[in-house]
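Structure first, commentary second.
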4 protein chains.
Amino acid sequence: MPASAGVRRRGAVRSEEARLAVLEATGRLFATQGYDHLTIEGIAAEAGVSKQTIYRWWSSKSAVVADALIEDLLLPDRPVVPDTGDIRADLIAWMQDLLDLVAQPGNDGLVRSLVAAACESTDIGIRLNDALGITATVSARIEAAVAAGQLPADLPVIEFVRALVGGFVLHSLERSEPAPEAAERLVRALLH
Amino acid sequence: MPASAGVRRRGAVRSEEARLAVLEATGRLFATQGYDHLTIEGIAAEAGVSKQTIYRWWSSKSAVVADALIEDLLLPDRPVVPDTGDIRADLIAWMQDLLDLVAQPGNDGLVRSLVAAACESTDIGIRLNDALGITATVSARIEAAVAAGQLPADLPVIEFVRALVGGFVLHSLERSEPAPEAAERLVRALLH
Amino acid sequence: MPASAGVRRRGAVRSEEARLAVLEATGRLFATQGYDHLTIEGIAAEAGVSKQTIYRWWSSKSAVVADALIEDLLLPDRPVVPDTGDIRADLIAWMQDLLDLVAQPGNDGLVRSLVAAACESTDIGIRLNDALGITATVSARIEAAVAAGQLPADLPVIEFVRALVGGFVLHSLERSEPAPEAAERLVRALLH
Amino acid sequence: MPASAGVRRRGAVRSEEARLAVLEATGRLFATQGYDHLTIEGIAAEAGVSKQTIYRWWSSKSAVVADALIEDLLLPDRPVVPDTGDIRADLIAWMQDLLDLVAQPGNDGLVRSLVAAACESTDIGIRLNDALGITATVSARIEAAVAAGQLPADLPVIEFVRALVGGFVLHSLERSEPAPEAAERLVRALLH
DNA sequence: CCATAACCGAGACGGTACGTCTGGTCTTCAA
DNA sequence: TTGAAGACCAGACGTACCGTCTCGGTTATGG
């Protein structure tokens, strides 16, 4: 029995159209301007929505971004972790895809923006992992490799993934020139 | 006579007093308010300096912070990497010191602020590593361990350090509760 | 159905309270500081209003002053032109009242400020005459005198008034000491 | 050689070159930008002179302008009052020349600028009359006309001139369109 | 079939900080 | 000692957003 339905309160219902317009506008502006140049007024204008409508449903800029993140409107085309059975080769390939992605013109500030957003908001920090599919996908592959005996049984998987992604993030923050062997070296630092 | 001195240009010389006052004010405010609540006007007021003097010598907030960073005015008391001969134990101890440092009240947002600053500015991103003494000290210890045969000869040292610090940074961004074995697990993820 | 109402534009309506606070603050500051020491920030602070509210409705300092002028908030107590039937005596009396007004302490720079304002802004220049009541009141008296045969039938009234007030203004700009017969001499220069 | 010169004080003497450069630069900028957009820094730059050199010798912007005025660098080509024996015709002609002068493109703000300068500075206000040649030339003509019996013997000459010029000034401040009979009407307002 | 209540757009409001500009003072160097 | 150069403090400029609020208008229940 859906007791939850309860007394449906009177009045107009939340406009799904407005909700989506806001999140999509956020995605567009995030891609072009980056996180810190994102403004509530800018989102409202881009979405054709009033500021009040945003403030009614989200508490802050970072909350809007966090929502856009879990709706998959910020990073539409994420690389997936391949599965060839060779964990080392798979991680290198995945790392390379990530490096290629951020090396593409227009994606310069993508990592920086995401990290900046994570710095401002606990929510984003937490969801970043989830939304990136990191925990879900990579961790699963790592655990499979552990089970297959390719990696030590007592490997702290979460920390391993964190180190891998963290290495990638710091590399991006340094804006190092894209070295061809960067992916291979990073993985080798962890799997030696 | 040192002709190298060249033609010293005329006019009053830059006030070292003002320069230091700005950087020290930046350090104080950074500690108390964090990077994003830092304002040029606030720094000017705290330093007893006019805004124009800041804009004359620095191009942006992040440039000021970058300078304060390399003058060691942002993180006065950084943990040092111990050297007992056991590289694993040393890294764990160092990691633990770092975790303890950011766990102290008032240092909550320290890592977040630094990373946020690094997101905004290439300079800060680059100098963050240098200024943290990471490259200098940790790398030296790692290389010594490689030379001593404790670590593989072909270990990519830079990437190793990046993964270690990156893991620490992501851990901080997630605001995970401080687990007692966090340091040990992170190091074990890399040295397995 | 009141079709006349038209499409009343949506959104909050302009705050009459804020509008008046700005103009009254302008009047107060104009009296104490004069036109050129008047600042938008000063007006905003005095009025308890944000700068943006001023910039939203007025294009410049002079526009604010022009508005304060036509709302009669700059020169609250202006002398009126008497009407005894003797046009010469009336003009002398009025001139004397004006001279006395600007001779009062605190009113030193009043004329200078008004003229300075008129120099900067076409609007103020035009409204200055209107607002001073010059055109309306004095011109009417002159025309009555013309009709009564006290003055020539072809007297260019506008130019006559302009010369009278202009003489007064130049006298004020010269900061001449207040001569007792100044009013009488000025009128006699015109009515000889 | 005048021994009276006494003990010529030591050190370099004031540079006449710099003094003139400042006044000429002031004249140029005054013509192009008007009084209120004139800045000390702008004059210094235009003159190739340091700010300090200006502040050492003049107390304010208006003092520089006042000096430029009496050196005849602000209004190089002033109309002169003709002398045909017919005082009415002469004044009309002179008035017309003045109106034509300010009607020329580029001279739009000339009167406004001068009056604005006079508003700021007593010195300028006083010298304006002198420098305009008003007192010297016009007054002489008026007095001659009085002596010739063309004007009443008891005419207050100073006030008469003031009314004439004041009428012209107010006319300019109003930015009225240039009427062909403006000069004639203004003079007729005074000589009726 | 209203009345109520919550929605929506628009946009005004008091604020904070921005980055620029000018003013007036000062310090340093060269002549 | 002067003039040129230019750093310094001070503070106003006009702009951009912030987060809150008040409007007039639009749905959707529920009495």
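What you see below is based on every heavy atom in this structure, not just the backbone, and it leaves out hydrogens, waters and symmetry mates. In this text the structure is predicted, and so the values were computed from the model without any measurement. Order of the sequence lines sets the chain letters (A, B, ...), proteins ahead of strands, with each chain counted from 1.
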Handout entry: Under 4.0 angstrom between Thr53(A) side-chain N/O and dG9(E) OP1 or OP2
Key = yes
Problem - Pairs satisfying salt bridge (Lys or Arg N to Asp or Glu O under 4.0 Å), at least one member in residues 27-39 of chain D, at least two apart - result: Arg28(D)-Glu46(D)
Practice task
Please report, rounded to the nearest Å, how far the P atom of dC8(E) is from the CD atom of Glu16(A).
Solution key: 11 Å
Handout entry: Value in whole Å for how far the P atom of dG9(E) lies from CZ of Arg14(A)
Key = 11 Å
Handout entry: For Glu71(B), all residues meeting salt bridge (charged side-chain N to carboxylate O under 4.0 Å, His left out), sequence neighbours excluded
Key = Arg19(B)
Exercise for the section: Apply side chain to side chain contact (heavy atoms under 4.5 Å, CB included) to Ser59(D) and list each qualifying residue two or more places apart in sequence or on a separate chain. Expected result: Ala63(D)
Exercise for the section: Report the distance from atom CD of Gln52(C) to atom C1' of dG19(F), rounded to the nearest whole Å. Expected result: 15 Å
Practice task
Could I get the full list of side chain to side chain contact (heavy atoms under 4.5 Å, CB included) partners for Ala44(C), not counting sequence neighbours?
Solution key: Lys51(C), Ile54(C)
Practice task
State whether Arg56(D) places a side-chain N or O below 4.0 Å from either non-bridging phosphate oxygen (OP1 or OP2) of dT2(F).
Solution key: no
Practice task
Find the distance Leu29(C):CG to dA12(F):P and express it as a whole number of Å.
Solution key: 12 Å
Practice task
Provide, to the nearest angstrom, the distance between the NZ atom belonging to Lys61(C) and the P atom belonging to dG14(F).
Solution key: 9 Å
Problem - Euclidean distance, atom OH of residue Tyr55(D) to atom P of dT27(E) [Å, nearest integer] - result: 17 Å
Handout entry: For atom CZ of Arg19(D) and atom P of dT2(F), their distance in whole Å
Key = 16 Å
Problem - Shortest non-hydrogen contact from Ala66(C) toward Ile124(C) - result: CB-CG1, 3.5 Å
Handout entry: Note, Ile40(A) side chain near Trp58(A) side chain (heavy atom, < 4.5 Å)
Key = no
Practice task
For Thr32(B), enumerate each residue passing the side chain to side chain contact (heavy atoms under 4.5 Å, CB included) test, keeping only those at least two apart in sequence or located in another chain.
Solution key: Leu29(B)
Problem - Under 4.0 angstrom between Trp57(A) side-chain N/O and dC8(E) OP1 or OP2 - result: yes
Practice task
Provide, to the nearest angstrom, the distance between the CZ atom belonging to Arg10(B) and the P atom belonging to dC29(E).
Solution key: 12 Å
Exercise for the section: Specify the residues of residues 36-51 of chain D, ordered by number, for which at least one heavy atom lies under 4.0 angstrom from an atom of DNA chain F. Expected result: Gly48(D), Val49(D), Ser50(D)
Problem - side-chain N/O Ser15(B) vs dA7(F) OP1/OP2, d < 4.0 Å - result: no
